[in-house]
Amino acid sequence: MKFLVIILVCFFSSIVGSICGIGGGVIIKPVLDATGLMPVTTISFLSGCTVLSMSFVSLYKNLKAPGDSSFDRVFASVLAFGAVIGGILGKDLYQDLIGKLPNTDGVGAVQSAVLAVITLGTLVYTLFKKRIPTRRISNKLTVLLIGIFLGVLSSFLGIGGGPVNLVALSYFFSMAAKQSAMYSIYTILFSQISSLLFTLWKGTVPPFQLPMLLLMILCGIFGGYAGSKINRRLDDHMVDKLFTGIMSLIIGICFSNILRYL
């Protein structure tokens, strides 16, 4: 039963994450935290691995899609390089938090609180974004700094990139929903690679079951594949509606998790 619950959560989260560009981890992490099936540190690590596999497959499928020539590789590379730096900084911050708090419940409470605030802010922005004037930043240093910020949040929360990526890409670069989803996944891929390598280098991999890791990675792969195919059939309005519904659900789960940990 435990394996079935985790498989279903990871698979459907990866589908939605691929469609919306939120990485899937923003759903996997709080939902699995709520189930209490694994320690917080293990969930963060496995969630990151799942998101990494999902983002790789999803990005590959999207870039190979016929007729797609809108992807700016130079811009994406600068953003991704920032995400790599941010991924390392975020994981270091996460390990520092673990060392300062007496137990993993405290870590879970902090992560849930930060995620709830970010998700709530994202939801508000999404609902009113038509009234908010956006910008078109092209300065590479600024793009790099934005990538670092997104990478820190991605790595620290163990969610991949989540909704904050889409808000940043929409506001700072005036991107539509489907376009920002692709760049978000690109950023997620590199931030999670750096986060994983940093964890392995530091030797701070939490205890986990190997079959569980393999199953979650497979869910990320198949979910990313399915989500990328569905994404091409949806317009920006439908992607926005799905994104808004998921954000509302995540906010409720996060506040429930905060109360449970405390």
Side-chain angles (χ1 to χ4, degrees), residues 9-31 51 54-55 57-73 75-76 79 115-138 143 146 150 153-154 159-189 220 222-254:
V9 169
C10 292
F11 180 66
F12 287 107
S13 297
S14 296
I15 291 177
V16 175
S18 179
I19 293 172
C20 298
I22 57 177
V26 71
I27 307 171
I28 296 172
K29 179 68 168 62
V31 171
V51 170
M54 181 283 299
S55 58
V57 172
S58 180
L59 185 66
Y60 176 80
K61 289 293 296 179
N62 280 321
L63 291 180
K64 288 293 182 180
D68 186 12
S69 59
S70 62
F71 191 74
D72 186 339
R73 296 179 186 274
F75 167 81
L79 193 69
L115 182 57
V117 171
I118 290 173
T119 307
L120 181 60
T122 301
L123 179 60
V124 172
Y125 175 85
T126 303
L127 293 174
F128 295 99
K129 69 178 181 179
K130 290 183 179 180
R131 305 178 188 178
I132 302 173
T134 59
R135 307 180 67 182
R136 291 185 180 275
I137 292 175
S138 58
V143 174
I146 292 172
L150 296 178
L153 287 179
S154 166
I159 61 171
V164 68
N165 282 19
L166 300 186
V167 169
L169 291 166
S170 171
Y171 176 73
F172 291 112
F173 309 109
S174 298
M175 291 186 184
K178 292 183 68 175
Q179 184 185 22
S180 62
M182 185 179 296
Y183 285 103
S184 174
I185 291 172
Y186 192 83
T187 306
I188 289 167
L189 174 66
F222 288 112
Y225 179 84
S228 65
K229 292 180 72 69
I230 295 171
N231 176 273
R232 293 197 294 273
R233 300 181 181 182
L234 302 179
D235 58 27
D236 286 322
H237 178 67
M238 295 177 70
V239 173
D240 276 339
K241 288 185 68 175
L242 176 61
F243 178 72
T244 301
I246 292 298
M247 292 305 96
S248 301
L249 176 64
I250 291 170
I251 291 169
I253 295 174
C254 283

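For clarity, every value in this text was computed on a predicted model and none was experimentally measured. Side-chain atoms are counted along with the backbone in the values below, which use heavy atoms only and exclude waters and symmetry mates.
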> So among Val9, Ile250, Leu249, which one has a side-chain contact (heavy atoms from CB on, under 4.5 Å) with Val31?
Replying inline: Val9
Please examine the side chains of [Y] and [X], heavy atoms only from C-beta on, and report whether any two atoms are closer than 4.5 Å.
| X | Y | value |
| --- | --- | --- |
| Asn165 | Ser180 | no |
| Asp240 | Lys129 | yes |
| Tyr186 | Leu79 | no |

Interatomic distance, [X] atom [atom1] to [Y] atom [atom2] [nearest 0.5 angstrom]:
| X | Y | atom1 | atom2 | result |
| --- | --- | --- | --- | --- |
| Thr119 | Ile246 | OG1 | CD1 | 11.5 Å |
| Ile15 | Cys20 | CD1 | SG | 11.5 Å |
| Ile132 | Thr134 | CD1 | OG1 | 9.5 Å |
| Phe172 | Ile137 | CZ | CD1 | 5.5 Å |
| Ile27 | Cys10 | CD1 | SG | 10.5 Å |
| Thr126 | Leu166 | OG1 | CG | 7.5 Å |

>> Is the distance from the ring center of Tyr183 to that of Phe173 below 6.0 Å?
In response: no
Search all heavy atoms of [X] against all heavy atoms of [Y] and return the closest pair with its distance.
| X | Y | result |
| --- | --- | --- |
| Ser13 | Ile28 | CB-CG1, 3.4 Å |
| Cys254 | Pro30 | SG-CB, 4.2 Å |
| Val164 | Thr122 | N-OG1, 4.1 Å |
| Ser184 | Leu169 | N-CD1, 3.5 Å |
| Ile146 | Ala168 | CG2-CB, 4.4 Å |
| Val57 | Gly224 | CG1-C, 4.2 Å |

> Hey, is CZ on Phe222 packed in by over 12 heavy atoms from elsewhere, all under 6.0 Å?
Replying inline: no
>> Is it the case that atom OH in Tyr225 sees more than 12 heavy atoms from other parts of the structure closer than 6.0 Å?
In response: no
>> Quick check against the 3.5 Å criterion: does Ser55 have a side-chain atom that pairs as donor or acceptor with the backbone of Ile185?
In response: no
> Hey, mind stepping through Ser18 and Asn231 against side-chain contact (heavy atoms from CB on, under 4.5 Å) and telling me if it holds?
Replying inline: CA-CA 8 Å; Ser18 179; Asn231 176 273; 5.7 Å; no
> When you check the side-chain N and O atoms of Tyr125 and Ser170, is any donor under 3.5 Å from an acceptor?
Replying inline: yes
> When you look at Thr244 and Met247, which way does the side-chain contact (heavy atoms from CB on, under 4.5 Å) test go after all the steps?
Replying inline: CA-CA 5 Å; Thr244 301; Met247 292 305 96; 5.8 Å; no
